[in-house]
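Here the structure is laid out as structure tokens; the discussion comes afterwards.
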Amino acid sequence: NIRYATLRDSSNYWEFRKEQVVELITDNNCDFVGLQEALPGQIEFLAENLDKYSFLWRTRELDPEEGEAVPIIYLKDKWELISSETFRLSDTPEIAGSNTWNAACNRVATWALFQSVSSDKQIFVCNTHFDHVSQEARLKGAQLIIDQISEIAGQNPIILLGDLNGKPDNPAIALLSNQWYDPYPDFYPGDTINGTFHGFKGNPLGKRIDYIFVDGHRSVSQLEIIRTNIEGVYPSDHFPVKATISF
């Protein structure tokens with residue numbers, strides 16, 4: 001979650017940290033990155049400065065030029081896009097701007113199917129951002145994502161990325177954990193303190209709410225919460241989560 005650009009953030013405004021976001025993505029060199037709270041202007045800046053990546057996105061509002069998006073970005077020299085779409089977390093996922101579960105904001109998920117440039121292997125990636133207020137929206141959104149991915153992804157390996165605005169014991173997270181693998185507990189067994197939201201303070205405020213799920217076609221060799229900062233200035237109010245996955 002890169003935190004949307006708002007002047008209310010004062011010294012943590014986007015203009016003061018956008019170069020850090022570029023540097024962080026560049027340094028980690030991930031094949032796939034899921035962003036949340038990305039406004040069109042932020043996406044345009046990142047696309048101009050991350051020339052190794054291609055961007056897939058559609059905002060959550062009726063007007064595609066307005067509001068936040070949940071982009072998937074990918075290394076274009078390693079992956080070829082087969083297909084991609086954004087659906088709404090509502091009873092009418094095909095209708096732009098729809099909101100039917102008492103969510104405080106319109107919510108969406110963006111998915112993409114990729115094929116390796118060097119082989120015939122394909123991977124399905126989905127990125128989302130659950131509502132921060134409505135538990136109904138989180139729970140029904142989780143079930144919708146399970147249903148949609150199960151229908152679209154076929155037998156391809158699956159990666160689900162997201163700021164899910166729910167702690168690990170939330171029923172919506174439990175629903176996803178029953179469907180796919182959450183590697184975090186295996187790398188940090190018994191951990192209850194490593195939250196991912198920190199409000200630009202550097203210290204976790206509660207348990208983690210940002211996740212990487214993978215399906216059974218996987219072997220996760222590394223998972224970490226990245227706490228990169230420059231003299232106490234952070235690229236976002238969330239810590240990024242990074243996983244190394246083989247299929």
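A donor-acceptor contact closer than 3.5 angstrom links the side chains of Q135 and R138. Between W111 and N127, the side chains place no donor N or O within less than 3.5 Å of an acceptor N or O (distance only, hydrogens not considered). Side-chain contact, N99 with R60: no donor N or O sits under 3.5 Å from an acceptor N or O. Side chain to side chain, H238 and R208 fail the donor-acceptor criterion of an N or O pair below 3.5 Å. Side-chain atoms of D120 and Q115 form no donor-acceptor pair, as typed in the model, at a separation below 3.5 Å. Looking at D210 and T196, their side chains do bring a donor and an acceptor atom within 3.5 Å of each other. Between the side chains of S221 and T244, not a single donor N or O lies within less than 3.5 Å of an accepting N or O. Counted by atom type alone, K18 and N49 present zero donor-acceptor pairs between their side chains at under 3.5 Å.
Here F45 pairs with nothing under the ring pair (Phe, Tyr, Trp, His ring centres under 6.0 Å) rule; sequence neighbours left out. For F130, the ring pair (Phe, Tyr, Trp, His ring centres under 6.0 Å) test picks out no residue, with sequence neighbours left out.
Under a hydrophobic-cluster definition in which Ile, Leu, Val, Met, Phe, Trp and Tyr are linked whenever side-chain heavy atoms come within less than 4.5 Å, directly or via other members, I82 and I149 are assigned to the same cluster. There is a path of hydrophobic side-chain contacts, each under 4.5 Å, that joins I73 to L75. With hydrophobic clusters built from ILVMFWY side chains whose heavy atoms lie under 4.5 angstrom apart, L176 does not share a cluster with F187. The hydrophobic cluster containing V33 does not contain V241, counting ILVMFWY residues as joined when their side-chain heavy atoms lie under 4.5 angstrom apart, directly or transitively. When hydrophobic clusters are built by joining Ile, Leu, Val, Met, Phe, Trp and Tyr residues whose side-chain heavy atoms come closer than 4.5 Å, directly or via intermediates, I173 is not grouped with V220.
Distance alone, capped at 3.5 Å, places no donor-acceptor pair between the S118 side chain and the K78 backbone. Without hydrogens or angle criteria, T59 side chain to E66 main chain gives a donor-acceptor distance under 3.5 Å. S119 contributes no side-chain N or O that, together with a main-chain N or O of S116, makes up a donor-acceptor pair within less than 3.5 Å. Although no hydrogens or angles enter the test, the distance criterion places a donor-acceptor pair under 3.5 Å between the side chain of D131 and the main chain of C105. Judged by distance alone, with hydrogens and angles left aside, the side-chain atoms of K140 form no donor-acceptor pair with the main-chain N or O of L89 at under 3.5 Å. Of the possible donor and acceptor atoms, none in the side chain of S98 sits under 3.5 Å from a partner among the backbone N and O of S90. Of the possible donor and acceptor atoms, one in the side chain of R88 sits under 3.5 Å from a partner among the backbone N and O of T86.
Interatomic distance, H129 NE2 to E37 CD, rounded to the nearest 0.5 Å: 5.0 Å. Note that the OG atom of S219 and the OH atom of Y181 stand 8.5 Å from one another [nearest 0.5 Å]. The distance from the CD1 atom of I43 to the CD atom of E68 is 10.0 Å, given to the nearest 0.5 Å. Taking OG of S10 as the reference point, atom CZ of F200 lies at 10.5 Å (rounded to 0.5 Å). Between the CD atom of Q36 and the CD1 atom of I2 there is a distance of 9.0 Å, given to the nearest 0.5 Å. Of the inter-residue distances, the one linking D9 atom CG with F16 atom CZ reads 10.5 Å to the nearest 0.5 angstrom.
Minimum interatomic distance between T228 and Y234 (heavy atoms only, all atoms of both residues): O-CD2, 3.5 Å. Considering all non-hydrogen atoms of both residues, V21 and P235 come closest at CG2-O, 3.6 Å. In plain terms, the two heavy atoms of F239 and P204 that are nearest each other are CE1-CG, 4.3 Å. When all heavy atoms of P40 and E65 are compared, the closest pair comes out as CG-O, 3.6 Å. Across every non-hydrogen atom of R17 and N12, the tightest pair is NE-O, 2.6 Å. The two atoms that bring D186 and P189 nearest to each other are O-CD, 3.9 Å, heavy atoms only.
Using a 4.5 Å cut-off on side-chain heavy atoms (C-beta onward), I146 and Q148 make no contact. Taking 4.5 Å as the limit, some side-chain heavy atom of F87 sits within range of a side-chain heavy atom of L144. Using a 4.5 Å heavy-atom cutoff, the side chains of P168 and Y211 are in contact. When side chains are defined from C-beta on, E61 counts as touching N106, because their heavy atoms get closer than 4.5 Å. Within the 4.5 Å cutoff, no side-chain heavy atoms of H198 are placed close to those of N203. By the 4.5 Å heavy-atom criterion applied to side chains, L50 and I25 are counted as neighbours. No side-chain heavy atom of T110 sits less than 4.5 Å from a side-chain heavy atom of W57. Taking the side chain as every heavy atom from C-beta outward, L164 and F213 approach each other to under 4.5 Å.
Other residues, nucleotides and ligands contribute more than 12 heavy atoms inside 6.0 Å of the CD atom of E94. Under a cut-off of 6.0 angstrom, the local environment of CD in E80 is sparse, with at most 12 non-hydrogen atoms contributed by other residues, nucleotides or ligands. Other residues, nucleotides and ligands contribute at most 12 non-hydrogen atoms within 6.0 Å of the CD atom of E151.
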Let's go through L81 and F114 carefully: what are the C-alpha distance in whole Å and the side-chain angles of both, what is the deciding distance for side chain to side chain contact (heavy atoms under 4.5 Å, CB included) to 0.1 Å, and is it a yes or a no?
CA-CA 5 Å; L81 177 66; F114 299 96; 4.0 Å; yes
For a side chain to side chain contact (heavy atoms under 4.5 Å, CB included) check, start with the C-alpha distance between L175 and Q143, then their side-chain angles and the critical distance, and finish with the verdict.
CA-CA 7 Å; L175 191 63; Q143 186 61 60; 3.6 Å; yes
So F32 and W79, ring pair (Phe, Tyr, Trp, His ring centres under 6.0 Å) or not? Walk me through it.
CA-CA 9 Å; F32 305 105; W79 299 97; 5.1 Å; yes
May I have the step-by-step check of side chain to side chain contact (heavy atoms under 4.5 Å, CB included) for I145 and L160, ending in yes or no?
CA-CA 9 Å; I145 284 176; L160 173 63; 4.2 Å; yes
Working for side-chain hydrogen bond (donor to acceptor under 3.5 Å, both in side chains), residues N156 and K121
CA-CA 8 Å; N156 292 302; K121 304 297 185 185; over 6 Å; no
Between V108 and T128, does a side chain to side chain contact (heavy atoms under 4.5 Å, CB included) hold up when you go through it step by step?
CA-CA 6 Å; V108 298; T128 193; over 6 Å; no
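Both tests do not hold together for R218 against F247: distance to the six-membered ring centre under 6.0 Å, angle to the ring axis within 45°.
None of N28, L223, I225, I212 except one satisfies the side-chain contact (heavy atoms from CB on, under 4.5 Å) rule with K242; the exception is N28.
Hydrophobic cluster membership for I209: F197, L205 (Ile, Leu, Val, Met, Phe, Trp, Tyr linked by side-chain heavy atoms under 4.5 Å, directly or transitively).
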